[in-house]
Amino acid sequence: MGESRKYDISVTVTPQFVPDQSDEAANRFVFAYHVNIVNTGSIAARLLSRHWVISEEDGKEQEVRGQGVVGEQPNLQPGEGFDYVSGVAIGSPVGTMRGSYQFIADDGTAFDAEIDEFVLSVPRVLH
């Protein structure tokens with residue numbers, strides 16, 4: 001169990017609907033999401049890439065893969081955090097996102113930090 005604490009990243013996501021960039025008539029719903037990444041492990045690690053799975057109400061899924069986040073590949077020392085805001089447009093008023101970040105630790109070990117599923121929702125849709 002001690003080994004798993006060595007490579008441990010905490011990810012918290014707070015989504016927010018962006019009405020002024022959305023167009024309901026055109027089925028375009030834009031959400032911003034604020035991400036807080038904290039290295040809760042005991043070894044420094046660099047975020048290399050990201051993988052998102054974005055699901056819409058009708059079951060349609062899109063996958064997004066890319067280098068780093070917001071053009072950066074932050075190297076996080078133990079206890080250090082990194083915050084960023086990004087956005088996504090989907091074709092329904094409710095959807096979900098989940099995914100993972102791919103890290104490489106200073107000792108050369110590659111590992112993933114899972115991002116738990118979170119809901120994208122236009123405020124009046126879910127009660």
Side-chain angles (χ1 to χ4, degrees):
M1 192 71 184
E3 191 64 20
S4 66
R5 301 301 304 163
K6 192 173 182 181
Y7 312 105
D8 199 34
I9 304 287
S10 166
V11 181
T12 308
V13 183
T14 309
Q16 184 179 348
F17 179 57
V18 186
D20 58 335
Q21 290 182 27
S22 299
D23 182 351
E24 292 189 43
N27 284 325
R28 178 179 163 82
F29 300 89
V30 177
F31 297 87
Y33 53 94
H34 175 259
V35 181
N36 172 251
I37 305 165
V38 178
N39 184 349
T40 49
S42 62
I43 188 168
R46 179 178 300 281
L47 192 163
L48 296 178
S49 58
R50 66 190 184 280
H51 173 223
W52 289 106
V53 179
I54 304 153
S55 303
E56 299 186 16
E57 262 179 323
D58 62 5
K60 190 173 89 177
E61 280 192 349
Q62 54 177 315
E63 286 196 59
V64 177
R65 294 178 187 272
Q67 294 297 306
V69 288
V70 292
E72 294 189 51
Q73 293 183 319
N75 191 47
L76 302 178
Q77 299 298 320
E80 197 173 22
F82 183 81
D83 289 281
Y84 75 95
V85 177
S86 190
V88 63
I90 61 174
S92 60
V94 178
T96 61
M97 283 179 69
R98 68 183 190 280
S100 61
Y101 296 129
Q102 290 68 53
F103 279 84
I104 184 108
D106 275 5
D107 66 3
T109 301
F111 67 99
D112 283 3
E114 294 299 320
I115 305 160
D116 290 336
E117 185 172 271
F118 58 94
V119 175
L120 305 168
S121 173
V122 174
R124 66 173 186 282
V125 175
L126 291 180
H127 297 287

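Fair warning: this is a prediction, and the values are worked out from it, not measured in the lab. Values reported hereafter were calculated over all heavy atoms of this structure, with side chains retained and with hydrogens, waters and symmetry mates removed.
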Q: Is there a side-chain contact between V35 and V69 in this structure, where contact means two heavy atoms from C-beta onward sitting under 4.5 Å apart?
A: no
Q: Are the side chains of S86 and Y33 in contact, using a 4.5 Å heavy-atom criterion?
A: yes
Q: Do any N or O atoms from the side chain of R46 and from the backbone of P74 form a donor-acceptor pair under 3.5 angstrom?
A: no
Q: Do Y101 and I37 touch side chain to side chain, with heavy atoms closer than 4.5 Å?
A: yes
Q: I need the single residue from L120, T96, N27 that forms a side-chain contact (heavy atoms from CB on, under 4.5 Å) with I90. Which is it?
A: L120
Q: Among residues two or more places apart or on two chains, list those pairs meeting salt bridge (charged side-chain N to carboxylate O under 4.0 Å, His left out) that have a residue in residues 24-41.
A: E24-R124
Q: Quick one: does any side-chain atom of R98 pair with a main-chain N or O of I115 as donor and acceptor, under 3.5 Å?
A: no
Q: Is any side-chain heavy atom of F103 less than 4.5 Å from a side-chain heavy atom of N39?
A: no
Q: Would you check, one step at a time, whether the test side-chain contact (heavy atoms from CB on, under 4.5 Å) holds for F31 with F118?
A: CA-CA 12 Å; F31 297 87; F118 58 94; over 6 Å; no
Q: Any side-chain to backbone donor/acceptor pair from D112 onto E114? Under 3.5 Å, distance only.
A: no
Q: Answer whether the closest heavy-atom distance between the side chains of Y7 and D107 falls below 4.5 Å.
A: yes
Q: Counting distance only, does the side-chain N/O of Q73 pair as donor-acceptor with the main-chain N or O of L48 below 3.5 Å?
A: yes
Q: With a 6.0 Å cut-off (strictly less than), is the heavy-atom count around CD of Q16, excluding the residue itself, greater than 12?
A: no
Q: Is there a path of hydrophobic side-chain contacts, each under 4.5 Å between heavy atoms, that joins V53 and V13?
A: no
Q: By side-chain hydrogen bond (donor to acceptor under 3.5 Å, both in side chains), which residues pair with T40, not counting sequence neighbours?
A: D8
Q: Other hydrophobic cluster members with V18, side-chain heavy atoms of Ile/Leu/Val/Met/Phe/Trp/Tyr under 4.5 Å, chained?
A: V30
Q: Got T12 and V38 here, is their nearest side-chain heavy-atom distance under 4.5 Å?
A: no
Q: Taking the side chain as C-beta and beyond, is there a heavy-atom pair between E72 and Y84 under 4.5 Å?
A: no
Q: Decide yes or no for R65 and S49: does some side-chain heavy atom of the first lie under 4.5 Å from some side-chain heavy atom of the second?
A: no
